[in-house]
Amino acid sequence: MGQRTLPSATLSISLAGASLHSVTPCTPVHAPAPPDHRMQWGCRGCGIDFPLLAVCTCVCVCACCLALCHLAVLCSALGAAAGADEVAVETCSFSKYAGFTGVRLGWTVVPKKLRYADGSSVHADWNRVMTTCFNGASNIVQAGGLACLQPEGLKEMYGLINFYKENATILKKTFQEMGFEVFGGEDAPYVWVGFPGKPSWDVFAEILEKCNIVTTPGSGFGPAGEGFVRASAFGSRDNIMEAVRRFKEVYGKQ
């Protein structure tokens, strides 16, 4: 099965490489959108060039952060948009919605109207890949996903999402007050903090040594992440506030 391309008005898909070809810039530095796209968003939280994205001709959002993103309403409505079933593939998961990060349960909508440039079916290729390489999620994992979609489960999920968004707001405000350049913290549970002129791994080591806090070096997400570290909002409120105290103790006087 070779690589095929979608019509020029859409993003190209390489099923052989199991990836979507799109512009997904690292959070701190946003590359310009292609000339035939009216607008394009990369993931504003993770900064990873993910193979799993919610995509249409003008939207590209990382599915892992979709739960905490105010663009989720737009992305989840792809199937309802006129003509979307001819240009879009929508993928999402329970990763951030329900803390299923290690459980791995999600879904993909591949419209049957979606075609490659040669007229062949994207849906047929996708079905072939899935039925050949994947045996399906286990029963217990599926049961967990179904429970999440019940009224009580949805209530719990969105309550947890709001809690983590509050954590992210606390972290972002803290770094901004200390004078750092900050990205994220609004559409994802991560905050990117800039340390101009310093390699990401050196900043990571410095924070680990002086604050006893583990961050993520931005360079691990690509060249655009160099000079940044990523702080996570996943944690208890007590731990977040303790991290804030330590950051301020070390960097608040700079």
Side-chain angles (χ1 to χ4, degrees), residues 22-32 40-53 60-71 93 95-97 99-102 160-254:
S22 58
V23 177
T24 53
C26 223
T27 302
V29 181
H30 288 267
Q40 181 140 356
W41 291 307
C43 177
R44 297 178 63 186
C46 292
I48 303 178
D49 190 8
F50 274 106
L52 298 180
L53 304 169
C60 177
V61 179
C62 160
C64 282
C65 289
L66 191 62
L68 292 95
C69 180
H70 68 259
L71 301 175
S93 81
S95 176
K96 300 295 191 297
Y97 278 112
F100 272 35
T101 306
L160 188 61
I161 289 170
N162 288 333
F163 177 81
Y164 288 137
K165 291 183 74 171
E166 289 172 0
N167 280 353
T169 298
I170 292 171
L171 287 174
K172 182 172 185 175
K173 182 179 179 181
T174 295
F175 287 113
Q176 287 177 329
E177 289 176 345
M178 291 190 291
F180 287 97
E181 183 180 26
V182 184
F183 295 87
E186 295 177 5
D187 301 320
Y190 303 109
V191 176
W192 289 74
V193 187
F195 288 78
K198 293 185 178 181
S200 294
W201 277 100
D202 289 353
V203 178
F204 162 82
E206 178 181 292
I207 293 175
L208 181 61
E209 178 182 352
K210 294 183 178 181
C211 302
N212 220 10
I213 294 174
V214 176
T215 56
T216 304
S219 58
F221 300 94
E226 184 62 87
F228 289 80
V229 293
R230 193 186 77 171
S232 172
F234 290 119
S236 68
R237 186 59 50 81
D238 287 344
N239 284 347
I240 293 296
M241 297 311 297
E242 174 61 19
V244 166
R245 184 191 68 79
R246 296 182 189 183
F247 279 128
K248 286 183 175 180
E249 190 175 81
V250 175
Y251 296 102
K253 300 177 182 179
Q254 295 188 5

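For the numbers below, each heavy atom of this structure counts, side chains included, while hydrogens, waters and symmetry mates do not.
Shortest non-hydrogen contact noted between Ala168 and Gly185 is CB-O, 3.7 Å. When all heavy atoms of Cys211 and Phe247 are compared, the closest pair comes out as SG-CD2, 4.2 Å. The heavy-atom pair separating Gly218 from Trp192 by the smallest distance is CA-CZ3, 3.7 Å. Minimum heavy-atom separation, Lys210 to Val250: O-CG2, 3.7 Å. Contact detail for Glu177 and Lys248: the closest heavy-atom pair is OE1-NZ, 4.2 Å.
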Give the table of side-chain donor-acceptor pairs shorter than 3.5 Å for residues 231-238, with sequence neighbours excluded, one pair per line with atom names and distance.
{"unit_1": "Ser232", "atom_1": "OG", "unit_2": "Phe234", "atom_2": "N", "d": "3.1"}
{"unit_1": "Ser236", "atom_1": "OG", "unit_2": "Asn239", "atom_2": "N", "d": "3.1"}
{"unit_1": "Ser236", "atom_1": "OG", "unit_2": "Asn239", "atom_2": "ND2", "d": "3.4"}
{"unit_1": "Arg237", "atom_1": "NE", "unit_2": "Asn167", "atom_2": "OD1", "d": "2.6"}
{"unit_1": "Arg237", "atom_1": "NH2", "unit_2": "Phe163", "atom_2": "O", "d": "3.4"}
{"unit_1": "Arg237", "atom_1": "NH2", "unit_2": "Glu166", "atom_2": "OE1", "d": "3.1"}
{"unit_1": "Arg237", "atom_1": "NH2", "unit_2": "Asn167", "atom_2": "OD1", "d": "3.3"}

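Two residues are said to be in side-chain contact when any heavy atoms from C-beta on lie closer than 4.5 Å; Ser93 and Phe100 fail this criterion. Counting heavy atoms from C-beta on, the side chains of Phe183 and Phe228 come closer than 4.5 Å. No side-chain heavy atom of Leu160 sits less than 4.5 Å from a side-chain heavy atom of Tyr97.
Here the side chain of Arg246 pairs a donor or acceptor atom with the backbone of Asn212 at under 3.5 angstrom. Side chain of Lys172 to main chain of Val191: no donor-acceptor pair is present (N/O by atom type, distance under 3.5 Å, no hydrogens or angles).
By the 30° and 60° cut-offs, the orientation of the rings of Tyr251 relative to Phe195 is perpendicular.
For the atom pair OG1 of Thr169 and CD1 of Ile240, the computed distance is 11.0 Å after rounding to the nearest 0.5 Å. We find the CD1-OG1 distance between Ile207 and Thr215 to be 4.0 Å, quoted to the nearest 0.5 Å. Note: Met178 CE to Thr174 OG1 = 6.0 Å, rounded to the nearest 0.5 Å.
Residues satisfying the side-chain hydrogen bond (donor to acceptor under 3.5 Å, both in side chains) test with Ser200, not counting sequence neighbours, are Glu226.
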